Structure formats: C-alpha cells, structure tokens
S.K.: 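So that we are looking at the same thing, I have put the structure below in structure tokens.
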2 protein chains.
Amino acid sequence: MPNNQFKKGELYSFITGKASTAIARRLQKKFNAAGLNITIEQWSVLYHLWKQEGISQQELCNATFRDKPSITRLVDNLEKLNLVKRVASESDRRINLIYLTKQAQKLQEETMALADETLNEALITVPADKVDICKEVLQVVYDNLK
Amino acid sequence: MPNNQFKKGELYSFITGKASTAIARRLQKKFNAAGLNITIEQWSVLYHLWKQEGISQQELCNATFRDKPSITRLVDNLEKLNLVKRVASESDRRINLIYLTKQAQKLQEETMALADETLNEALITVPADKVDICKEVLQVVYDNLK
DNA sequence: GGCATATAGTTGTTTGTGCAACTATCCAAA
DNA sequence: TTTGGATAGTTGCACAAACAACTATATGCC
C-alpha cells in the first residue's frame with residue numbers, strides 16, 4: 001500500500017482539518033477581541049484584494065478556492081459592511097470588478113498583524129525546517145487533488 | 001521573530017486549510033458517486049461511533065472538536081437518516097447516549113475504504129517521512145491552540 | 001430539605017458552503 | 001447576422017458552524 005501511512009486513528013484529523021480549524025478560530029477570536037466586525041472568510045477575500053484590487057468575482061473564486069455563489073454572498077456581505085464596491089467592467093458587462101473602500105484599506109495592517117501573531121502562537125514550539133516540510137506537503141496535497 | 005516562517009503569500013493557505021478542504025471535497029464526491037447519502041460532517045460523527053457507540057453528545061463534541069449545538073443538529077440529521085438513535089441514559093436523565101443502527105454499521109467498511117483511497121490520492125507523491133513530519137506539526141499546532 | 005451552581009442538551013439567529021438552475025452577456029462559426 | 005455555446009454572476013435550497021439564550025437535570029453545601 002503505497003503511501004498509506006494513515007491508520008484509522010490518524011485519518012480523522014487530516015480529513016477534518018483540525019489544525020486549520022483551530023487556527024481560524026483563534027484568529028476569529030482575535031478579530032472579535034479587537035472589535036473588528038469581520039469573519040475569517042470575509043478577511044480571506046480582503047486578503048487577496050489587498051494584494052490586487054479591481055479583480056473580478058471569478059478571479060476571487062480561483063484565488064480563494066471557493067465557488068461562485070460563495071463569492072457572490074461574501075461580496076454581498078462585504079458591500080453591506082462598506083468594505084468593498086462592485087464596479088461593472090466597461091469592456092465586458094458580465095463582469096464585476098471588486099474595489100476596496102478606504103475603510104477596508106485601513107484594516108490591512110491590523111488584521112495581518114493578528115494573523116502573524118496567531119501563526120506564531122500555533123508554531124511557537126515547532127522548528128523551522130519541520131514547518132517548511134509541512135507547508136510543502138500541504139501544497140502537494142492540494143495540487144494532487146485540485 | 002521566532003518561528004515566523006510565514007510570509008504574506010504563504011499565510012493564507014495555512015489559515016484557510018486549503019489542503020484539508022480539498023481532501024474533504026474529494027471524499028464527499030466519492031460518497032456521492034457511490035450513492036452514499038451522507039455528508040463528511042455526518043461521517044465524522046459516525047467515525048467516532050464506530051470506534052465506540054453509546055457515548056453521549058458531549059463526548060461527541062470533544063471527539064469531533066465541535067460545539068454542542070453543532071452536535072445536536074448533526075445527530076438530528078443522522079436520526080432522520082435512520083443512522084443513529086438517541087437513548088436516554090438511565091443513570092442521568094440529562095444525557096442522551098447515541099447508538100448506531102444496523103444501517104450505519106453497514107456503512108463503515110465502504111466509507112473507510114473511500115477515505116483511505118482519498119488520502120492515498122492526496123499523498124501519492126509524498127515520501128512517508130515527510131507525511132510523518134507533517135502530521136506531527138499539525139498535531140502540535142492543534143495542541144498549542146486548543 | 002432547599003438553594004446555588006454546574007452540566008447536558010435544545011433552539012434561534014447570522015454567516016458560510018455546495019449544488020443546481022437560472023439570467024445576462026460575449027463570442028465564434030455557419 | 002443569427003444562432004449556439006461558453007462565461008460571469010445571482011438565486012434557491014439543504015446542510016453546517018459559532019454564539020447566545022434557554023430548559024431540564026444533577027450535585028454539593030448550608
């Protein structure tokens with residue numbers, strides 16, 4: 001059995017993503033404690049818009065690994081919070097380009113600091129070379145399945 | 001900066017759990033293709049009941065890393081599907097003990113085979129020692145944050 | 001016994017996800 | 001130029017998660 005390192009007791013946490021769930025919950029609590037009224041999912045959309053704004057919803061789907069209805073509703077909620085604006089593309093009227101508001105631009109520094117802090121807490125006892133291997137394995141898993 | 005190996009471009013996938021999301025989606029598709037009418041979340045509850053049935057909802061909360069309302073509703077849905085039964089404890093009437101039906105017992109072998117298959121597909125190109133390190137890191141992350 | 005407190009489970013609300021079905025727009029080929 | 005297929009986005013539905021507020025039962029202490 002090639003690469004079947006998963007005995008029954010170990011299989012569960014890999015599939016359910018216990019570790020990433022724990023990281024996301026911790027970060028959400030930090031957002032709440034800081035009075036930041038956004039969800040992790042909304043933050044993950046903003047994260048990509050901070051790298052490049054004015055992209056389409058479809059590009060956000062690809063970047064965040066979500067389907068179109070999920071992005072439609074996340075953008076709906078981000079618009080309600082006055083964090084993004086939909087702007088119809090002039091060259092292709094099917095497309096919405098998504099832009100950040102000034103309010104959203106202000107969130108970047110604080111939320112990224114909280115995210116760094118969360119990962120440092122998660123990995124405080126883990127040597128750097130093991131973290132690198134872990135990141136590498138997770139990337140390969142994603143590439144193998146996407 | 002101790003253990004801060006996360007540059008911006010890498011931070012995202014760790015927090016959002018891209019890899020475990022991809023694994024869960026692949027497994028869900030296998031369930032659907034096999035005509036198994038259950039969700040990954042329902043399966044994760046059955047998974048623990050196959051190891052030991054007759055445990056309380058609270059014990060299922062601890063085992064599955066979910067809160068009480070989540071388990072209430074998962075057990076609701078599993079009961080509707082005739083896969084589990086709530087049985088009131090005789091010694092403590094606050095407690096529901098959860099038992100598998102015959103129908104659920106039949107699902108174990110087939111679903112576990114599909115889960116093994118999914119993990120093999122995910123890890124087919126990854127050497128065993130790297131998988132071990134990855135599992136270890138994820139466990140430490142979970143322990144650091146729980 | 002009676003009361004305070006803790007524990008087990010449920011319900012309501014908001015948010016997010018996956019799938020299917022739908023509309024609108026674009027584009028390319030007959 | 002029309003028509004058929006592809007693409008972008010939206011909506012409806014079922015399921016799930018987090019949080020708060022709630023009921024019922026148990027337990028410990030006076």
Side-chain angles (χ1 to χ4, degrees), chain A residues 15-18 20-33 36-46 55-81 83-84 86-98, chain B residues 15-18 20-22 24-33 36-45 55-81 83-84 86-98:
Chain A
I15 290 173
T16 56
K18 265 188 356 180
S20 57
T21 304
I23 292 173
R25 286 183 191 167
R26 174 69 62 96
L27 180 54
Q28 182 70 66
K29 282 186 179 152
K30 285 181 191 288
F31 284 177
N32 297 343
L36 301 173
N37 184 30
I38 60 171
T39 66
I40 297 301
E41 293 83 2
Q42 291 164 2
W43 174 82
S44 80
V45 171
L46 295 178
I55 63 178
S56 69
Q57 295 187 197
Q58 183 59 54
E59 287 170 309
L60 280 174
C61 292
N62 302 336
T64 63
F65 192 42
R66 289 182 169 87
D67 69 359
K68 289 191 293 180
S70 294
I71 290 297
T72 291
R73 277 140 187 160
L74 283 172
V75 173
D76 285 348
N77 286 337
L78 285 167
E79 245 184 352
K80 280 183 206 155
L81 292 169
L83 293 173
V84 305
R86 284 177 166 100
V87 178
S89 165
E90 303 209 342
S91 63
D92 185 340
R93 285 194 292 165
R94 293 171 301 178
I95 294 179
N96 293 332
L97 302 176
I98 311 300
Chain B
I15 290 174
T16 57
K18 265 188 358 180
S20 58
T21 303
R25 285 184 194 167
R26 174 69 62 97
L27 181 54
Q28 181 71 66
K29 282 187 178 151
K30 285 181 191 288
F31 284 177
N32 296 343
L36 300 173
N37 184 31
I38 60 170
T39 66
I40 297 301
E41 294 83 2
Q42 291 164 2
W43 174 81
S44 80
V45 172
I55 63 178
S56 69
Q57 294 187 197
Q58 183 58 54
E59 288 171 308
L60 280 174
C61 291
N62 301 336
T64 63
F65 193 42
R66 290 183 170 87
D67 68 359
K68 290 191 292 181
S70 294
I71 290 296
T72 291
R73 277 142 185 159
L74 282 172
V75 172
D76 286 348
N77 286 336
L78 285 166
E79 244 184 351
K80 280 183 206 156
L81 292 169
L83 294 173
V84 306
R86 285 176 166 100
V87 177
S89 164
E90 302 210 341
S91 63
D92 185 338
R93 286 195 292 165
R94 293 172 301 179
I95 293 178
N96 293 332
L97 302 175
I98 311 300

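So that the names make sense, note that chain A is the first sequence line, chain B the second, and so on, each numbered from 1. Please read these numbers as outputs of a predicted model, since none were measured by experiment.
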S.K.: How about A/L46 and A/V84: do any of their side-chain heavy atoms sit closer than 4.5 Å?
M.R.: yes
S.K.: Counting side-chain heavy atoms from CB outward, which of C/dC26, C/dA8, C/dC19 is closest to B/K29?
M.R.: C/dC19
S.K.: Look at B/R25 and C/dG18 and indicate whether a side-chain polar atom (N or O) is within less than 4.0 Å of OP1 or OP2.
M.R.: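 Answer yes for this pair, as a side-chain N or O of B/R25 is under 4.0 Å from OP1 or OP2.
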S.K.: Any side-chain N or O of A/T39 less than 4.0 Å from the OP1 or OP2 oxygen of C/dG16?
M.R.: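 A/T39 to C/dG16 OP1/OP2: side-chain N or O found under 4.0 Å.
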S.K.: Provide the start and end nucleotides, 5' to 3', of the part of DNA chain D that has atoms under 4.0 Å from heavy atoms of chain B.
M.R.: D/dC15 to D/dA26
S.K.: Taking only Lys NZ, Arg NE, NH1 and NH2, and the carboxylate oxygens of Asp or Glu, determine whether A/D76 and A/R86 approach each other closer than 4.0 Å.
M.R.: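 Yes, this pair counts.
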S.K.: Give B/D92 one of three labels, base, sugar-phosphate or nothing, depending on what nucleic acid heavy atoms sit under 4.0 Å from its own.
M.R.: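 Answer is sugar-phosphate: B/D92 comes under 4.0 Å of backbone atoms only.
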S.K.: I want to confirm an ordering. Mapping A/K68 and A/T21 to their closest nucleotides on DNA chain D, which one lands closer to the 5' end?
M.R.: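 With A/K68 and A/T21 compared, the 5'-side residue is A/K68.
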S.K.: Remember a base hit wins even if backbone is also touched, and classify A/L74 as base, sugar-phosphate or nothing at under 4.0 Å, heavy atoms.
M.R.: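 The answer is sugar-phosphate, as A/L74 gets under 4.0 Å only of primed atoms, P, OP1 or OP2.
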S.K.: At a cut-off of 3.5 Å, list every protein nitrogen or oxygen paired with a nitrogen or oxygen from nucleotides 12-14 of chain C, distance to 0.1 Å.
M.R.:
unit_1	atom_1	unit_2	atom_2	d
C/dG12	N7	B/R73	NH2	2.5
C/dG12	O6	B/R73	NH1	2.8
C/dG12	O6	B/R73	NH2	3.3

S.K.: Within the structure shown, what part of the strands sits under 4.0 Å from A/D76 by heavy-atom distance: base, sugar-phosphate, or nothing?
M.R.: nothing
S.K.: Taking C-beta and beyond as the side chain, do A/T64 and B/T16 meet within less than 4.5 Å on heavy atoms?
M.R.: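 Heavy-atom side-chain distance check fails, nothing below 4.5 Å.
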S.K.: Looking only at heavy atoms, which two atoms of B/Q42 and B/L81 are closest? And how far apart?
M.R.: OE1-CD1, 3.5 Å
S.K.: One pair to check against side-chain contact (heavy atoms from CB on, under 4.5 Å): B/R66 and B/L74. What are the steps and the verdict?
M.R.: CA-CA 10 Å; B/R66 290 183 170 87; B/L74 282 172; 3.6 Å; yes
S.K.: May I have the distance from B/R93 (atom CZ) to C/dT10 (atom P), rounded to whole angstrom?
M.R.: 16 Å
S.K.: Whether B/Q28 contacts C/dC19 is assessed here as follows: a side-chain N or O lying under 4.0 Å from the phosphate OP1 or OP2. Is that the case?
M.R.: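 No, B/Q28 has no side-chain N/O under 4.0 Å of OP1/OP2 on C/dC19.
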S.K.: Is the shortest side-chain heavy-atom distance between A/F65 and B/R25 below 4.5 Å?
M.R.: yes
